[in-house]
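First up is the structure itself, then whatever we jot down about it.
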Amino acid sequence: MIPWKQIDTARVPGAEVELRLMQRGAEFSMKIGPNELMNSRLSGSEEALATLACRRLEAVKAPHLLIGGLGMGFTLRAALAVLGSKARITVAELVPAVIAWAKGPMAEIFGDSLSDPRATILCADVIEVIQSHPATFDAILLDVDNGPEGLIRKANDALYDPGGLKAIRRALRPGGVLAVWSSGPHPAFSKRLRDAGFAVNEVAVRATARRSGARHVIWFATRP
């Protein structure tokens, strides 16, 4: 078997952790300590985050989406594949190295998604983008940290607490959709979404495109 090799490391702003990019042949992995955050072979639930959210925007002629977290680009590429030419997608990625990896060692995985005229990649904290753009987005897709229970960066909890959800509601246009990826269920978060005034639908999806592997959770919360 081909051994893993470390390609690069990066510090996560606001956290005392090191993000590592690993490669084994054509396969890539991002890890923090022993925990694998994402793998280039396991894209099913991140792609579902985009495709299922976009399905809820079919009546919007020129949707504007905000994606929190670039990662390996699964969500971005899936959204570009289903959205029309008038759509706009803004991606906020906190870690500068992740953007550099997308343009460098993982360029083949990303293809032409980063140069697509519909996509804008920001090196920014998605929390700040949300707070500074009231009534701007038709959908906000969050694949940040490990979901509502942060693993990497304590500050990410501010996305999912009552104050963060109120800010997200303000950033969405009427009828807008918040889609949140999580590694597992979180009943308290479902209640928090409803308390913030969202209509909530919780969906279990597989980590792979096949009907196998770990189950992840996506919440779709609609602003009335």
For Leu193 and Leu178, what are the C-alpha separation, side-chain angles and deciding distance, and is it a side chain to side chain contact (heavy atoms under 4.5 Å, CB included)?
-> CA-CA 10 Å; Leu193 286 168; Leu178 166 65; 3.8 Å; yes
Nearest 0.5 Å, please: how far is [atom2] in [Y] from [atom1] in [X]?
{"X": "Ile121", "Y": "Ile99", "atom1": "CD1", "atom2": "CD1", "answer": "7.0 Å"}
{"X": "Leu49", "Y": "Ile67", "atom1": "CG", "atom2": "CD1", "answer": "7.5 Å"}
{"X": "Ile2", "Y": "Glu27", "atom1": "CD1", "atom2": "CD", "answer": "9.5 Å"}
{"X": "Ile89", "Y": "Leu80", "atom1": "CD1", "atom2": "CG", "answer": "4.0 Å"}
{"X": "Leu70", "Y": "Ser113", "atom1": "CG", "atom2": "OG", "answer": "7.5 Å"}
{"X": "Gln6", "Y": "Arg20", "atom1": "CD", "atom2": "CZ", "answer": "6.0 Å"}

If you compare all heavy atoms of [X] against all heavy atoms of [Y], which two are closest, and at what distance to 0.1 Å?
{"X": "Ala124", "Y": "Val129", "value": "CB-CG2, 4.0 Å"}
{"X": "Gly68", "Y": "Val126", "value": "CA-CG2, 3.8 Å"}
{"X": "Ala50", "Y": "Ala79", "value": "CB-N, 3.7 Å"}
{"X": "Arg56", "Y": "Val177", "value": "CB-CG2, 4.1 Å"}
{"X": "Leu52", "Y": "Phe220", "value": "CB-CZ, 3.3 Å"}
{"X": "Leu65", "Y": "Phe137", "value": "C-CD2, 4.1 Å"}

Are [X] and [Y] joined in one hydrophobic group, where the rule is that I, L, V, M, F, W and Y side chains link up if heavy atoms are under 4.5 Å apart?
{"X": "Met22", "Y": "Leu42", "answer": "no"}
{"X": "Val205", "Y": "Trp181", "answer": "yes"}
{"X": "Trp4", "Y": "Ile32", "answer": "no"}

Do you know which of Phe198, Phe189, Tyr160 makes ring-ring contact (aromatic ring centres under 6.0 Å, His included) with Trp219?
->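 Result for ring-ring contact (aromatic ring centres under 6.0 Å, His included) with Trp219: Phe189.
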When you measure from the side chain of [X] to the backbone of [Y], do you find a donor-acceptor pair of N or O atoms at a distance under 3.5 Å?
{"X": "Ser190", "Y": "Ala188", "value": "no"}
{"X": "Arg223", "Y": "Arg169", "value": "yes"}
{"X": "Arg77", "Y": "Met72", "value": "yes"}
{"X": "Glu46", "Y": "Ala48", "value": "no"}

Evaluate whether atom CZ of Arg24 has more than 12 neighbouring non-hydrogen atoms of other residues, nucleotides or ligands under 6.0 angstrom away.
->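 Yes, the 6.0 Å shell around CZ holds more than 12 heavy atoms from other groups.
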More than 12 heavy atoms of other groups within 6.0 Å of Glu108 CD |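 12 or below, so no.
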Among all residues two or more places apart in sequence or in another chain, which pass the side-chain hydrogen bond (donor to acceptor under 3.5 Å, both in side chains) test with [X]?
{"X": "Arg88", "answer": "His64"}
{"X": "Asp116", "answer": "Arg118"}
{"X": "Thr222", "answer": "none"}

Report yes if the side chains of [X] and [Y] come closer than 4.5 Å at any heavy-atom pair, otherwise no.
{"X": "Asp143", "Y": "Met38", "result": "no"}
{"X": "Glu202", "Y": "Val217", "result": "yes"}
{"X": "Trp101", "Y": "Ile109", "result": "no"}
{"X": "Leu76", "Y": "Leu114", "result": "yes"}
{"X": "Leu19", "Y": "Val98", "result": "yes"}
{"X": "Pro63", "Y": "Leu83", "result": "yes"}

For His133 and Leu66, run side chain to side chain contact (heavy atoms under 4.5 Å, CB included): C-alpha distance rounded to whole Å, both residues' side-chain angles, the deciding distance at 0.1 Å, then the answer.
-> CA-CA 10 Å; His133 288 78; Leu66 171 64; over 6 Å; no
